[in-house]
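As C-alpha cells, the structure follows; a few thoughts come after it.
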Amino acid sequence: MAFSVVSQKSGKTYYLHSRDVTLRGGREQTIYFFAQTEKEGAMDELPAGYEVSENPRTGLPLLKKAS
C-alpha cells in the first residue's frame, strides 16, 4: 500500500512517488512527488528525514526535510 495523504483543504487523496533522474551535468538524483493516482514508483513509507506539509493556498502536499 502506497503512502497517502489527504488534503485538509480539498479532501483529495495524494500518493507519494519517487523517481531517479539524471541531471544535465550527469549527476543522478532521486526526486519525490505526490500524485492523485497510484502509479509506478509509488512509495510505501516516507523517506528518512522528511516530513509532509501542505501548501496553504493550493492544498497540495509537499515533502520537505525535517528540521
Side-chain angles (χ1 to χ4, degrees):
M1 185 72 174
F3 180 82
S4 63
V5 173
V6 177
S7 172
Q8 293 178 355
K9 183 171 182 168
S10 65
K12 295 180 182 178
T13 302
Y14 294 93
Y15 300 95
L16 179 63
H17 294 75
S18 70
R19 183 177 296 155
D20 291 326
V21 296
T22 304
L23 302 177
R24 286 189 208 169
R27 186 171 67 103
E28 292 282 327
Q29 184 170 350
T30 302
I31 60 169
Y32 301 104
F33 60 95
F34 287 93
Q36 288 187 359
T37 58
E38 218 174 313
K39 303 176 186 175
E40 183 180 340
M43 298 182 64
D44 293 335
E45 58 186 33
L46 280 175
Y50 285 87
E51 63 185 10
V52 177
S53 66
E54 187 173 308
N55 183 321
R57 188 172 60 93
T58 62
L60 295 175
L62 305 168
L63 194 65
K64 53 192 250 184
K65 289 199 176 188
S67 51

>> I need the E40 CD to S18 OG distance, nearest 0.5 Å.
In response: 10.0 Å
> Looking only at heavy atoms, what is the nearest atom pair of E54 and Q8, with distance?
Replying inline: OE1-N, 3.0 Å
>> Rounded at 0.5 Å granularity, tell me how far CD in E38 sits from CZ in F3.
In response: 12.5 Å
> Under the criterion side-chain contact (heavy atoms from CB on, under 4.5 Å), which of V52, T13, L60, L62 is the partner of F34?
Replying inline: V52
> Rounded to the nearest 0.5 Å, how far does OH of Y15 lie from CE of M1?
Replying inline: 5.5 Å
>> Within the structure provided, determine whether H17 and Y32 are in side-chain contact (heavy-atom separation under 4.5 Å).
In response: no
>> Given 3.5 Å as the limit, does a donor-acceptor pair link the side chain of K9 with the main chain of R57, or not?
In response: yes
> Considering all heavy atoms of both residues, which atom of S7 and which atom of G59 are nearest to each other, and what is their separation?
Replying inline: OG-O, 2.9 Å
> Which atom pair, heavy atoms only, marks the closest approach of K65 to Y50?
Replying inline: CE-OH, 3.5 Å
> Is Q29 atom CD crowded by more than 12 heavy atoms from other residues, nucleotides or ligands, each under 6.0 Å away?
Replying inline: yes
>> By the definition side-chain contact (heavy atoms from CB on, under 4.5 Å), identify the one residue from L23, T22, V21 that meets it with E28.
In response: T22
>> Within the structure provided, determine whether L16 and P47 are in side-chain contact (heavy-atom separation under 4.5 Å).
In response: yes
> Which pair of non-hydrogen atoms, one from P61 and one from V5, has the smallest distance, and what is that distance?
Replying inline: CB-CG1, 4.4 Å
